[in-house]
Number of protein chains: 2
Amino acid sequence: MANIKDVAKHASVSVATVSRFLNKKGYVSEAAKESIEAAIASLNYRPNQVARSLSTKRTNLIGLIVPDITNPFFPELARAVEDIALSYGYTIVLCNSDEKAEKEELYINMLTQKYVAGFIVTTNLLKAPHYEDVSVPIVALDRTINLSIPTVTTDNVEGARIGTAHLLACGAKNIVCMRGPVGLGLADDRVKGFIEATADKDVQTHIVECPFSFEASEKIAEKILIDYPDIDGIFASSDTSAIAALKVAQAMGRHVPNDLQIVGFDGVQLGKMVSPGLTTVAQDIYKMGAYATRMLIKMIEDTSLTEKNVTVSAELIVRGTTRKD
Amino acid sequence: MANIKDVAKHASVSVATVSRFLNKKGYVSEAAKESIEAAIASLNYRPNQVARSLSTKRTNLIGLIVPDITNPFFPELARAVEDIALSYGYTIVLCNSDEKAEKEELYINMLTQKYVAGFIVTTNLLKAPHYEDVSVPIVALDRTINLSIPTVTTDNVEGARIGTAHLLACGAKNIVCMRGPVGLGLADDRVKGFIEATADKDVQTHIVECPFSFEASEKIAEKILIDYPDIDGIFASSDTSAIAALKVAQAMGRHVPNDLQIVGFDGVQLGKMVSPGLTTVAQDIYKMGAYATRMLIKMIEDTSLTEKNVTVSAELIVRGTTRKD
DNA sequence: TTGAAAGCGTTACCAA
DNA sequence: TTGGTAACGCTTTCAA
């Protein structure tokens with residue numbers, strides 16, 4: 001592999017000039033430009049990023065920390081992040097944290113030692129100390145922050161309100177809300193929206209806590225359908241939980257949507273694949289990822305950030321698990 | 001951030017000694033060891049990986065090239081790769097190729113400029129010239145190779161045979177095989193297994209080509225159910241296609257499995273979530289990813305590789321889309 | 001068992 | 001406009 005010295009020699013200029021040319025910084029005469037271009041082409045030269053990073057103390061690596069790429073929400077997010085990152089010449093390092101502080105910390109350390117340019121983080125541990133002394137830019141996604149970390153989120157309260165209202169409009173009178181983990185900001189917000197939408201309405205409601213995993217959701221959905229046999233609606237805090245409820249309900253002989261209506265939250269692709277298709281409050285996942293990535297890159301390249309907290313609005317997608325009249 | 005020089009000063013030894021200590025290479029006296037350890041602790045020193053890489057011409061970055069992380073097969077694979085990689089101190093860079101040679105090439109170039117340690121690749125473009133002059137180790141996954149690149153795959157022929165045989169055993173007499181793209185090795189192998197299993201049997205068969213995407217599969221499934229209204233079985237070359245067929249069939253009023261039985265291939269988590277649950281020929285996706293990663297790391301650290309081509313066997317998982325008597 | 005010093009390939013400052 | 005050269009932080013060879 002040719003290096004900058006070879007190029008300089010070939011072009012009969014100094015390495016300093018080649019470097020200036022490469023970075024479009026400082027003066028380079030037309031003549032020099034041309035001979036350098038020729039040298040680069042004939043040697044098939046490609047700058048060594050590692051050497052460059054050692055010198056500049058910066059890479060074009062972005063760390064993407066997600067709880068688990070296996071959870072259907074995150075591949076869609078990762079895709080968006082990767083697309084945008086690539087278009088700016090950045091490359092993404094995938095980190096599964098399992099929501100564990102130690103793993104997040106480990107990754108932060110490993111990547112910091114590599115001069116990572118910044119992080120996009122989806123976690124509920126943002127107050128954890130290991131984020132305090134991260135010296136590179138961070139953007140938080142989908143989960144709320146405590147510090148001054150820029151965020152992009154969906155308006156979860158409003159989304160839940162819309163979803164619940166739709167359930168009501170479709171005639172549900174006895175609704176269970178499968179809420180996400182207590183203490184997790186987005187989950188708390190979604191219950192809040194649910195409560196607001198059902199308050200003062202002629203409906204019976206129950207709230208049950210439920211993790212986002214499919215297996216756990218199945219168990220809880222089963223218990224719900226046994227404990228509250230008369231319910232005619234479920235508002236789930238995630239599509240995964242909603243789909244688990246759908247499956248369990250069908251297995252127990254309930255007809256969806258005639259007998260029981262279900263609304264999910266997230267808008268993952270999966271919702272289209274089940275049958276009937278899942279009615280859900282869809283976040284624009286791709287847009288969130290894209291936005292977060294652009295914000296991060298702005299921070300990295302220190303263009304000043306105009307808005308530090310972006311909210312993307314959620315949108316109701318009516319499919320088959322509710323009765324559209 | 002403290003550097004190796006600071007540590008050396010603090011421990012009253014030379015940087016060479018610290019380096020030897022850090023890499024457990026060459027002689028370091030007990031006394032030196034202790035004072036270095038103390039210095040590292042008190043300075044909270046962490047080696048700079050970039051500098052190290054510049055010197056060794058190697059990183060602990062592994063490039064994972066997949067067609068699209070959004071396709072349910074790949075997150076499970078990525079998870080396995082990441083888990084194993086992390087346990088060996090490697091970190092993974094996610095690359096979505098969209099099966100496009102240019103994108104693969106772009107990533108290969110970008111990562112090569114970063115001294116990437118190796119690649120794990122899932123592609124059908126392995127014969128493409130851009131893999132020829134990659135100077136770091138590569139392991140191919142799930143797709144067959146042409147060159148001398150080590151591979152881990154499922155025995156697709158045998159898997160398809162088993163899946164088809166199960167359909168037959170459950171009484172299907174008129175089966176459509178939704179085969180994957182012609183020319184794609186794994187897809188060709190799966191049809192081969194299907195043909196072998198149905199040859200000389202008292203069944204009618206049809207073979208229809210179908211991409212792996214959900215949307216395309218839906219359209220094709222619909223056409224199949226219109227063109228061949230009498231079929232009572234579908235053997236799909238991927239779970240995504242199978243699930244699309246399931247959905248379309250249900251929407252058209254067909255009862256699965258009473259009226260129509262379906263068998264998929266892949267074993268993605270999604271298969272558990274639909275209802276009825278999808279009967280499928282499951283690849284052990286996690287194991288494949290884990291195996292590939294271990295092989296790659298062996299090659300990187302140039303322990304000699306004992307087996308260059310590993311085949312993981314596929315296993316039939318019977319759920320609700322076929323009639324288990 | 002240890003240390004001096006020459007790389008690794010760039011960037012960027014300073015003088016020319 | 002240009003070039004010499006000292007960093008960047010580590011590894012590794014060679015001599016001691």
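Order of the sequence lines fixes the chain letters, A, B, ..., with proteins taken first and strands second; residue numbering starts at 1 for each chain. The figures that follow rest on heavy atoms only: side chains count, while hydrogens, waters and symmetry mates do not.
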Distances under 3.5 Å between protein N/O atoms and the N/O atoms of nucleotides 12-16 of chain D, please, pair by pair.
from, atom 1, to, atom 2, distance (Å)
D/dT12, OP2, B/K25, NZ, 3.2

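Atom-to-atom, OH of A/Y27 to C1' of D/dT2 comes out at 12 Å; the value is rounded to the nearest Å. Rounding to whole angstrom units, CZ of residue A/F21 and P of D/dT1 are separated by 15 Å.
Remark: side-chain polar atoms of A/N71 are paired, donor with acceptor, to backbone N or O of A/F73 under 3.5 angstrom. Of the possible polar contacts, none joining the A/D6 side chain to the A/A2 backbone as a donor-acceptor pair under 3.5 Å is found. Between the A/R20 side chain and the A/G26 main chain, no donor and acceptor come within less than 3.5 Å of each other. B/D266 contributes no side-chain N or O that, together with a main-chain N or O of B/V268, makes up a donor-acceptor pair within less than 3.5 Å.
In this structure, the salt bridge (charged side-chain N to carboxylate O under 4.0 Å, His left out) partners of A/K33, at least two apart in sequence or on a different chain, are A/E30. Applying the salt bridge (charged side-chain N to carboxylate O under 4.0 Å, His left out) test to A/R79 and every residue at least two apart in sequence or in another chain returns A/D83, B/D68, B/D98. B/D284 pairs by the salt bridge (charged side-chain N to carboxylate O under 4.0 Å, His left out) definition with nothing, not counting sequence neighbours. Every residue was checked against the side-chain contact (heavy atoms from CB on, under 4.5 Å) condition with A/S313, not counting sequence neighbours, and none meets it. For A/K25, there are no salt bridge (charged side-chain N to carboxylate O under 4.0 Å, His left out) partners at least two apart in sequence or on another chain.
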Ignoring hydrogens and angles, write down the donor-acceptor pairs under 3.5 Å from the side chains of residues 9-17 of chain B, residues two or more places apart or on other chains.
from, atom 1, to, atom 2, distance (Å)
B/H10, NE2, B/S42, OG, 3.3
B/S14, OG, B/A16, N, 3.4
B/S14, OG, B/T17, N, 3.3
B/S14, OG, B/T17, OG1, 3.2

Under 3.5 Å, side-chain donor or acceptor atoms of residues 90-97 of chain B against the rest of the protein: list the pairs with distances, not counting sequence neighbours.
from, atom 1, to, atom 2, distance (Å)
B/Y90, OH, B/R58, NH2, 3.4
B/Y90, OH, B/E301, OE2, 2.8
B/S97, OG, B/V66, O, 3.4
B/S97, OG, B/E99, N, 3.0

Can I get a per-line list of side-chain donor-acceptor pairs under 3.5 Å for residues 43-52 of chain A, giving both atom names and the distance, sequence neighbours left out?
from, atom 1, to, atom 2, distance (Å)
A/N48, OD1, A/V50, N, 2.8
A/N48, OD1, A/A51, N, 3.0
A/N48, ND2, B/Y115, OH, 2.6

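Once you apply a 4.0 Å limit to the heavy atoms of chain B, the touched nucleotides of DNA chain C run 5' to 3' over C/dT1 to C/dG9.
End-to-end axis angle of the helix from C/dT1-D/dA16 to C/dA16-D/dT1, from C1' rotation axes over five pairs per end: 40° (rounded to 10 degrees).
Applying the 4.0 Å criterion to OP1 and OP2 of D/dG9, one finds that B/N3 has a side-chain N or O inside that range.
Listed by residue number, B/V28, B/S29, B/A32 are the residues of residues 28-44 of chain B with a heavy-atom contact under 4.0 Å to DNA chain C.
Counting only N and O atoms by type, the side chains of B/T151 and B/N309 include a donor and acceptor under 3.5 Å apart.
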